[in-house]
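These notes concern the structure reproduced below.
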Amino acid sequence: MLTVFTRAIIIYLLLLFAMRLMGKRQLGELQPFEFAITMIAAELACIPMAETAIPISYGLIPIFSLFILHLFITKLATRSIRFRSFLNGKPVIVMDKDGICTDVLKKVDMNINDLLDALRGSGYFDLSTVAFAILETNGTLSVLPRTEGAPLTPDALTEMSLDGLHSLPPDDAILPYTLVVEGHIMSENIALSGHTEQEVVEYLHSLALSPRDVMVLTLSDTDTYIQPVKGNAMQGTFGATE
Amino acid sequence: MKKAILALFIMLLIIAGGVWEQFYIRRATGTLRDMLTELVVAIDNGEDMKQPMHDINDYWKSTHRTMEALVSHNEIREIHVKLGEIQGFVDTDRPDDARAVAITLIEITEYTEHLLEYRAEHIF
């Protein structure tokens with residue numbers, strides 16, 4: 001029993017490691033550790049079912065061992081952003097306003113055809129309509145279209161009505177950055193947004209908040225969305241004193 | 001929180017079950033081995049084989065169900081078959097054959113116990 005328990009842990013960890021090495025493309029919509037669990041659990045359930053000479057405990061013990069391990073990993077991932085990032089990887093921008101990020105594509109083992117496939121799958125047949133394409137940690141592609149390719153929203157319609165029907169809003173597709181997550185400052189994202197950690201902290205102080213009080217802070221151009229740990233979400237303008 | 005408690009409970013259950021399993025298998029195979037050795041000694045001394053064989057069968061009857069839940073059925077089947085052979089030789093008064101199979105069975109129980117021990121080489 002202890003042997004089976006230990007073997008289940010070892011096989012799971014090795015499979016998880018292998019899945020992480022294989023990269024995002026091998027995954028469907030599951031996170032790597034969920035995929036590993038699904039694969040092993042299915043197999044483990046089959047063995048004692050098909051082979052009656054094997055005691056049923058040989059199938060049940062590893063499945064319960066996986067449950068314990070899964071719960072432990074999930075709890076750890078919930079508490080630690082670093083561990084979560086190790087476990088699931090990070091989303092990567094494979095296409096931005098300047099075009100396809102070929103270096104990034106190589107890093108994630110994608111070729112242009114894969115990208116075009118994924119874009120078509122998301123409903124974007126023309127590359128010029130894409131402002132940003134992000135390869136998510138679960139292997140799916142999220143697309144932020146350029147304004148001219150974006151679905152008509154009530155905001156855009158209002159803007160068009162004010163400016164006259166002949167005018168379209170300018171290309172203002174902006175990728176929002178997540179600056180604070182669960183009280184942790186996301187230094188990399190802050191740098192990408194063109195700001196500094198100091199500015200973020202000062203902005204939060206102007207709202208009588210510290211980073212620890214913030215569940216999530218996103219920045220879209222100068223517009224911010226803040227969900228404090230306690231209380232209702234608020235929206236504001238970055239840099240503006242509230 | 002409930003899930004964590006459940007996971008902890010299951011983990012403790014598995015570990016406790018695993019430790020108990022180790023002791024149970026060691027005791028069961030050890031006892032069976034001792035009884036088989038008694039049979040061999042009885043044969044060597046020209047004593048009655050039927051009583052020790054009867055004791056072995058009684059003990060195995062009380063043990064094999066639990067063993068089947070813990071050990072691969074192929075190994076249990078092998079012990080069953082060998083015990084049947086010994087019983088046959090005892091019934092037909094063939095002590096030398098009974099002795100040879102009893103010694104084989106002692107080896108089998110030793111090997112079964114060894115296979116199910118919690119050791120690094122059995123994990124890898």
Side-chain angles (χ1 to χ4, degrees), chain A residues 1-18 30-31 33-34 36-38 40-41 43-80 83-84 87 182 229, chain B residues 1-30 60 63-84 108-124:
Chain A
M1 209 179 273
L2 286 177
T3 304
V4 178
F5 179 58
T6 316
R7 284 173 72 139
I9 291 171
I10 291 169
I11 292 167
Y12 171 72
L13 290 176
L14 287 178
L15 187 66
L16 181 60
F17 184 59
L30 299 171
Q31 295 292 354
F33 73 106
E34 292 167 333
I37 287 266
T38 311
I40 309 176
E43 192 67 24
L44 286 174
C46 284
I47 295 167
M49 260 191 245
E51 185 55 78
T52 50
I54 297 171
I56 199 162
S57 60
Y58 282 36
L60 293 179
I61 301 293
I63 288 171
F64 281 116
S65 311
L66 288 180
F67 160 66
I68 293 163
L69 207 59
H70 179 255
L71 194 77
F72 177 71
I73 285 178
T74 311
K75 292 275 178 209
L76 210 60
T78 311
R79 288 181 185 196
S80 162
F83 182 69
R84 199 183 310 163
L87 199 63
E182 292 167 1
V229 175
Chain B
M1 192 61 188
K2 274 182 192 171
K3 253 190 191 178
I5 292 168
L6 182 67
L8 191 71
F9 176 71
I10 292 173
M11 193 168 82
L12 290 175
L13 211 64
I14 290 172
I15 292 170
V19 172
W20 171 80
E21 181 202 57
Q22 291 289 306
F23 280 112
Y24 186 85
I25 290 171
R26 199 173 300 165
R27 200 192 62 195
T29 52
W60 185 241
T63 316
H64 81 96
R65 281 179 196 278
T66 314
M67 286 288 277
E68 274 171 15
L70 305 173
V71 185
S72 165
H73 296 185
N74 293 332
E75 282 144 36
I76 300 295
R77 195 176 301 134
E78 196 157 1
I79 296 173
H80 258 309
V81 169
K82 293 293 173 200
L83 280 176
I108 290 172
T109 54
E110 253 175 31
Y111 186 62
T112 305
E113 187 188 321
H114 168 76
L115 270 184
L116 296 166
E117 271 176 10
Y118 184 64
R119 286 162 174 255
E121 63 260 35
H122 296 153
I123 292 167
F124 297 102

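In the text below, chain A, chain B and the rest are named by the order of the sequence lines, each starting its count at 1.
- Below 4.5 Å, heavy atoms of chain A meet heavy atoms from G17(B), G18(B), V19(B), E21(B), all part of residues 16-26 of chain B.
- Considering only heavy-atom pairs separated by less than 4.5 Å from chain A, the leading option among V71(B), N74(B), I76(B) is V71(B).
- Contacts between Y58(A) and chain B at a heavy-atom distance below 4.5 Å involve the side chain alone, from C-beta outward.
- Within 6.0 Å of CZ in F5(A) there are more than 12 heavy atoms belonging to other residues, nucleotides or ligands.
- The side chain to side chain donor-acceptor pair (under 3.5 Å) search around E182(A) returns R84(A), not counting sequence neighbours.
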Would you give me the side-chain donor-acceptor pairs under 3.5 Å for residues 113-120 of chain B, sequence neighbours excluded?
{"unit_1": "E113(B)", "atom_1": "OE1", "unit_2": "T29(B)", "atom_2": "OG1", "d": "2.9"}
{"unit_1": "E113(B)", "atom_1": "OE1", "unit_2": "R33(B)", "atom_2": "NH1", "d": "3.2"}
{"unit_1": "E113(B)", "atom_1": "OE1", "unit_2": "R33(B)", "atom_2": "NH2", "d": "2.9"}
{"unit_1": "E117(B)", "atom_1": "OE1", "unit_2": "R119(B)", "atom_2": "NE", "d": "2.5"}
{"unit_1": "E117(B)", "atom_1": "OE1", "unit_2": "R119(B)", "atom_2": "NH2", "d": "3.0"}
{"unit_1": "Y118(B)", "atom_1": "OH", "unit_2": "T6(A)", "atom_2": "OG1", "d": "3.0"}
{"unit_1": "R119(B)", "atom_1": "NH1", "unit_2": "E121(B)", "atom_2": "OE2", "d": "3.2"}

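- Here the shortest heavy-atom pairing between S57(A) and A69(B) reads OG-O, 3.5 Å.
- For L71(A), the part sitting under 4.5 Å from any heavy atom of chain B is the side chain, from C-beta outward, and nothing else.
- Within 6.0 Å of atom CD in E43(A), 12 or fewer heavy atoms from other residues, nucleotides or ligands are found, so the atom counts as exposed in its surroundings.
- With sequence neighbours left out, E68(B) forms a salt bridge (charged side-chain N to carboxylate O under 4.0 Å, His left out) with no residue at all.
- No more than 12 heavy atoms of other residues, nucleotides or ligands shown are found within 6.0 angstrom of CZ on F72(A).
- For the atom pair CG of L6(B) and CZ of F67(A), the computed distance is 4.5 Å after rounding to the nearest 0.5 Å.
- For the atom pair CD1 (I68(A)) and CG (L13(B)), the distance works out to 9.0 Å, reported to the nearest 0.5 Å.
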